[in-house]
Amino acid sequence: MILCHFLVNFLYSTGFGVSGGSALIHEFYAREVPNPVHLTVDTGFTNGEASIKAFVSVNLTLGDRQLAAQFHEVPLDLRMIEAERVGFDILKSTMVDKLPNDLEGMEASMERLLALIDDIYKYVDDVVEQRVAPDSKIGRFISDTVASIPKISPGAFDKLINDSIQDQLLLLYLSSLTRAQLGLAEKLNTAAQIL
């Protein structure tokens with residue numbers, strides 16, 4: 001499987017799969033990096049899903065002469081952190097009035113987490129009431145998940161969340177300052193070139 005966090009040898013294109021131009025793009029980048037992986041992303045969400053596929057190219061030769069390039073799809077393991085998942089979900093919807101801010105994104109993540117916890121509660125209750133046969137794999141997964149949660153008091157948890165929110169607000173403020181600084185520098189540079 002290919003993990004997408006090794007982005008050094010990846011080249012990207014949009015579409016449902018490889019096209020006629022993909023071979024030219026792949027050939028160009030193959031001169032720069034050995035064995036590049038061609039990643040295609042269906043930004044049109046053709047089937048309601050984002051089709052993300054990875055391909056490697058194999059040269060078809062006759063003697064010393066290269067005839068063509070053939071693309072072979074390779075297995076791809078797509079993983080996203082929660083911030084990326086929020087943006088990905090926005091891309092899937094056809095109509096968006098506005099992009100969510102950090103707090104709205106966090107709210108959507110918390111709602112999804114609560115829905116998952118409700119599903120786990122329902123499964124455990126069904127197993128306890130013997131409406132569903134117990135599955136040892138699911139039980140071990142739930143046990144490992146609960147065991148991985150650090151033991152922290154509610155007050156310390158609130159402080160941790162508040163500190164995290166303050167850090168995020170500080171980053172937003174600093175990025176706004178940086179954006180203003182860059183805009184001012186660009187205007188001054190343009191004015192200096194005119195004079």
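Sequence positions, counted from 1, serve as the residue numbers for this chain.
For the pair I161/F157, a side-chain contact is recorded, criterion being any heavy-atom separation below 4.5 Å from C-beta on.
With side-chain heavy atoms closer than 4.5 Å counting as contact, directly or through intermediates, L171 stands alone and belongs to no larger hydrophobic cluster. Residues L184 make up the rest of the hydrophobic cluster containing L188, defined by ILVMFWY side-chain heavy atoms closer than 4.5 Å, directly or through other members.
Applying the side-chain hydrogen bond (donor to acceptor under 3.5 Å, both in side chains) test to D163 and every residue at least two apart in sequence or in another chain returns K159.
Of all non-hydrogen atoms in V74 and F55, the two that sit nearest each other are CG2-N, 4.3 Å.
The stretch residues 174-192 participates, sequence neighbours left out, in no salt bridge (Lys or Arg N to Asp or Glu O under 4.0 Å) pair at all. Applying the salt bridge (Lys or Arg N to Asp or Glu O under 4.0 Å) rule to pairs touching residues 113-126 yields K122-D126, D126-R131, sequence neighbours excluded.
No chain of hydrophobic side-chain contacts below 4.5 Å, direct or via other Ile, Leu, Val, Met, Phe, Trp or Tyr residues, connects Y123 to L114. Using a 4.5 Å cut-off between side-chain heavy atoms of Ile, Leu, Val, Met, Phe, Trp and Tyr, with links allowed through other members, V132 and I138 fall into the same hydrophobic cluster.
Distance check, rounded to the nearest 0.5 Å: CG of D167 to CG of N162 gives 11.0 Å. Remark: R112 CZ to I117 CD1 distance equals 13.0 Å, nearest 0.5 Å.
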Side-chain atoms of residues 139-152: list all donor-acceptor pairs with protein atoms under 3.5 Å, sequence neighbours left out, distances to 0.1 Å.
unit_1, atom_1, unit_2, atom_2, d
T145, OG1, F141, O, 2.7
S148, OG, T145, O, 2.7

